[in-house]
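Structure, as structure tokens:
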Amino acid sequence: MYYVIKDDSETGKRLKELLEKRKEVYNQIKKLSEKYGFKRWIPDYNCSTEISAVWFDTNPNPKVWKKYRNGYYPKANTIDGRNIISEFKGISVVDFRDFNDYIGYDENECFYAGFGLTDGYVGLDTGELDVKMPKDCQEVSYSEYINVFKTKVYEKQ
């Protein structure tokens, strides 16, 4: 199911605040990527901002970085590695559980709602989740959702 929520409604303000916080965290990670030279990062789990591993275009210094999860992670047995780990751990974590908490879904941690943000609206794709949505969330059709957010969530089969 798809929902469009005005960003000045109570639920919209809360969700927008969380999306903005996530955006700030991504900017922190981007600064770390510029500082250490990694090009991409792997979240600890889906929709999280916690860094699990990073990828470089070239092999990083093996005295500081170890192979981990098809990428690299700082070694905890070096001063430089511990400092980088400390910076990684210093980043705020925003993940799907935060979004699920906002809409009152806590049945299964493997499922989460998808979100979109555009001028004036926050979008919510709950898929097949059984969620009792707040009253200020307007259910819309897939085509209406696409029209508001100008992006396809997934191809209908």
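Keep in mind that the numbers below use all heavy atoms, side chains included, and drop hydrogens, waters and symmetry copies.
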Please report the shortest heavy-atom distance between [X] and [Y], naming the atom on each side.
X: A53; Y: R69; value: CB-CB, 4.2 Å
X: S33; Y: K30; value: OG-O, 2.7 Å
X: P74; Y: I84; value: CG-CG2, 3.3 Å
X: S92; Y: K21; value: CB-CE, 4.3 Å

inquiry  = Is the distance between the ring centroids of Y36 and W41 under 6.0 Å?
reply    =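 Here the rings of Y36 and W41 have centres that are no less than 6.0 Å from each other.
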
key: K66 NZ/CZ over Y68 ring centroid, <6.0 Å and within 45° of normal   =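 Yes, K66 sits over the ring of Y68.
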
task = Count the heavy atoms belonging to other residues, nucleotides or ligands that lie under 6.0 Å from CD of E139, then report whether that count exceeds 12.
result =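 For E139, atom CD is crowded (more than 12 foreign heavy atoms under 6.0 Å).
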
query = Does atom CG of N27 have more than 12 heavy-atom neighbours from other groups under 6.0 Å away?
reply =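 Yes.
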
request  = Answer yes if the side chains of S9 and T11 hold a donor-acceptor pair under 3.5 Å, and no otherwise.
outcome  =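 The answer is no; no qualifying pair exists.
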
Ring geometry between Y145 and Y2 (parallel below 30°, tilted from 30 to 60°, perpendicular above 60°) =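 The arrangement is tilted - the two ring planes meet at 30° to 60°.
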
request  = Anything under 30° is parallel, anything over 60° is perpendicular, the rest tilted; go ahead and classify W65 against F56.
outcome  =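 W65 and F56: perpendicular rings.
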
Any side-chain heavy-atom pair from [X] and [Y] closer than 4.5 angstrom?
X: K16; Y: K13; value: no
X: S52; Y: Y73; value: no
X: K75; Y: K63; value: no
X: Y3; Y: M133; value: yes
X: T78; Y: R82; value: no

request  = Any chance you could lay out the side-chain contact (heavy atoms from CB on, under 4.5 Å) test for I29 and F88, step after step, and finish with the verdict?
outcome  = CA-CA 8 Å; I29 293 171; F88 283 5; over 6 Å; no

inquiry  = Against K39, only a single residue in D57, V54, T58 fulfils side chain to side chain contact (heavy atoms under 4.5 Å, CB included); can you say which?
reply    =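 Among D57, V54, T58, the one meeting side chain to side chain contact (heavy atoms under 4.5 Å, CB included) with K39 is D57.
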
key: Criterion side-chain contact (heavy atoms from CB on, under 4.5 Å) on E87 and L32, from CA distance to verdict   = CA-CA 8 Å; E87 287 185 81; L32 287 175; 3.3 Å; yes

request  = With rounding to the nearest 0.5 Å, note down the distance linking CD1 in I91 to CD in E24.
outcome  =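 With rounding to 0.5 Å, CD1 (I91) is 13.0 Å from CD (E24).
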
Polar side-chain atom of E34 near backbone of K31 as donor-acceptor pair, under 3.5 Å =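 Not at all, since once roles are kept as given, no pair shorter than 3.5 Å links the two residues.
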
